[in-house]
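Counting begins at 1 with the first residue of the sequence. Here the structure is a predicted model, which is why all the values come from computation and not from measurement.
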Amino acid sequence: MYGIADRFDRLADDFLARVRAVPADRWDRPSPCAGWTARDVVTHVINGHRGIIAAVRGTAPRPSHGVGVSGMAGAPAVEPGADLAAAYAEVRTGLRDILTDPRLAATPLPFTPIGPVPVEQAADVVGALELLVHTWDLARAVGGDETLDREAVARTHERLRPHYAALQATEAFHPQTAPPAGADPQTAFLYFTGRRP
């Protein structure tokens with residue numbers, strides 16, 4: 001059995017691999033997230049990790065590696081020559097440090113789409129959702145590998161079903177539509193999140 005930090009590592013590895021694989025001339029391509037480019041998808045994930053780290057540690061998020069700061073739902077601006085892979089690797093380490101510290105991992109987060117839960121539970125459900133869908137968004141935008149971790153897809157989809165109304169209330173996802181008959185688990189999950197694979 002994988003623990004929460006291990007599951008996070010697997011998804012973070014997949015996301016970072018997709019970031020590192022983006023050809024330099026494809027960062028401005030449109031993504032499945034309306035109004036966002038491939039670059040915006042990555043800076044949004046970086047910014048979200050930073051926001052969680054800041055909330056748990058009681059600090060203010062700070063720009064780094066040329067990636068600015070914005071609200072949790074936003075996509076911060078980047079400077080010319082920003083190193084998105086280094087910026088993500090940094091916040092990934094910061095979040096993993098929290099998930100491997102029992103005291104910090106138990107820090108309550110009062111406002112999440114799955115209710116008030118410890119940060120480790122938020123990371124294991126909402127964080128998994130973010131990493132999975134944005135790994136796919138990034139790959140779709142730049143023509144990369146769209147294959148997601150099958151086990152994580154099934155687990156995350158099942159755990160999110162009871163919270164669909166709360167997810168929709170965030171206005172971060174288009175409404176779900178019924179997947180095609182016989183759809184594989186990844187396709188069904190993507191339809192659940194309002195994607196159109």
Side-chain angles (χ1 to χ4, degrees), residues 2 4-19 22 31-56 61 67 69-76 84-85 87-96 98-99 105 107 109 111-115 117-141 144 146-164 166-174 176 186 189-195 197:
Y2 288 101
I4 288 173
D6 296 322
R7 289 195 290 267
F8 168 76
D9 271 346
R10 290 169 64 188
L11 296 182
D13 281 347
D14 287 348
F15 184 74
L16 184 56
R18 301 313 196 287
V19 174
V22 175
S31 80
C33 300
W36 282 2
T37 64
R39 180 184 293 104
D40 295 329
V41 170
V42 177
T43 61
H44 166 72
V45 174
I46 292 166
N47 194 64
H49 281 32
R50 276 189 194 151
I52 294 169
I53 294 165
V56 172
V67 180
V69 175
S70 70
M72 282 286 282
L84 301 189
Y88 181 70
E90 179 179 84
V91 295
R92 175 255 184 94
T93 298
L95 189 49
R96 192 183 196 287
I98 288 170
L99 295 176
T107 303
L109 292 181
F111 304 107
T112 81
I114 60 171
V117 294
V119 66
E120 62 183 352
Q121 187 177 345
D124 202 35
V125 182
V126 182
L129 167 67
E130 284 280 301
L131 282 171
L132 286 166
V133 296
H134 291 316
T135 295
W136 184 84
D137 290 335
L138 177 60
R140 172 58 59 102
E146 297 180 11
T147 307
L148 301 176
D149 183 302
R150 188 179 181 89
E151 178 185 334
V153 163
R155 183 183 63 251
T156 304
H157 193 179
E158 189 61 31
R159 295 180 73 182
L160 286 170
R161 288 179 196 273
H163 304 286
Y164 180 74
L167 288 172
Q168 279 295 294
T170 67
E171 300 183 350
F173 299 94
H174 292 298
Q176 66 176 326
Q186 176 172 313
F189 172 69
L190 291 169
Y191 273 79
F192 174 80
T193 66
R195 267 62 182 173

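Of all the heavy atoms in Leu16 and Ala85, the pair that sits closest is CD1-O, 3.7 Å. Annotation for Gly51 and Met72: closest pair CA-SD, 3.3 Å, computed over non-hydrogen atoms. Of all the heavy atoms in Gly74 and Trp36, the pair that sits closest is C-CZ2, 4.0 Å. Nearest heavy-atom pair, Leu131 versus Ala12, reported as atom, atom and distance to 0.1 Å: CD1-N, 4.1 Å.
The one candidate from Val67, Val41, Val19 that meets the side chain to side chain contact (heavy atoms under 4.5 Å, CB included) condition with Ile46 is Val67.
With sequence neighbours excluded, no residue forms a side chain to side chain donor-acceptor pair (under 3.5 Å) with Thr107. Evaluation of the side chain to side chain donor-acceptor pair (under 3.5 Å) rule for Thr193 yields no partner, not counting sequence neighbours. Residues satisfying the salt bridge (charged side-chain N to carboxylate O under 4.0 Å, His left out) test with Arg96, not counting sequence neighbours, are Asp6, Asp9. His157 is linked by a ring pair (Phe, Tyr, Trp, His ring centres under 6.0 Å) to Phe189, Phe192, counting only residues two or more places apart in sequence or in another chain. Applying the side-chain contact (heavy atoms from CB on, under 4.5 Å) rule to Ala152 yields the partners Leu11, Leu132, Asp149, Arg155; only residues at least two apart in sequence or on another chain are considered. In terms of the side chain to side chain donor-acceptor pair (under 3.5 Å) criterion, residue partners of Glu146 (sequence neighbours excluded) are, by chain and number, Trp136, Arg140. Applying the side chain to side chain donor-acceptor pair (under 3.5 Å) test to Arg159 and every residue at least two apart in sequence or in another chain returns Asp124. Scored by the salt bridge (charged side-chain N to carboxylate O under 4.0 Å, His left out) test, Arg39 finds Asp28 as partners (sequence neighbours excluded). Taking the side-chain contact (heavy atoms from CB on, under 4.5 Å) definition, one finds that Thr112 meets it with Leu109, Ile114, Val117, Ala122, sequence neighbours left out. Under the rule for a side-chain contact (heavy atoms from CB on, under 4.5 Å), the partners of Thr135 that lie at least two apart in sequence or sit in another chain are Phe15, Arg18, Leu148. Partners of Asp13 according to the salt bridge (charged side-chain N to carboxylate O under 4.0 Å, His left out) rule, which considers only residues two or more places apart in sequence or in another chain, are Arg92. By the side-chain contact (heavy atoms from CB on, under 4.5 Å) test, Ala38 pairs with Trp27, Leu138, Ala141, Val142, sequence neighbours left out.
Taken to the nearest 0.5 Å, the CG atom of Leu95 stands 12.5 Å off from the CD atom of Glu90. Note that the CD atom of Gln176 and the CG atom of Leu167 stand 10.0 Å from one another [nearest 0.5 Å].
Side-chain N/O atoms of His44 and Glu130 include a donor and acceptor closer than 3.5 Å. Ser70 and Asn47 form a side-chain donor-acceptor contact under 3.5 Å, judged by distance and modelled atom types alone. Side-chain contact, Asp40 with Thr43: no donor N or O sits under 3.5 Å from an acceptor N or O.
A side-chain donor-acceptor contact under 3.5 Å links Gln168 to the backbone of His174.
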Please step through side-chain contact (heavy atoms from CB on, under 4.5 Å) for the pair His134 and Ser31, ending with a clear verdict. CA-CA 9 Å; His134 291 316; Ser31 80; over 6 Å; no

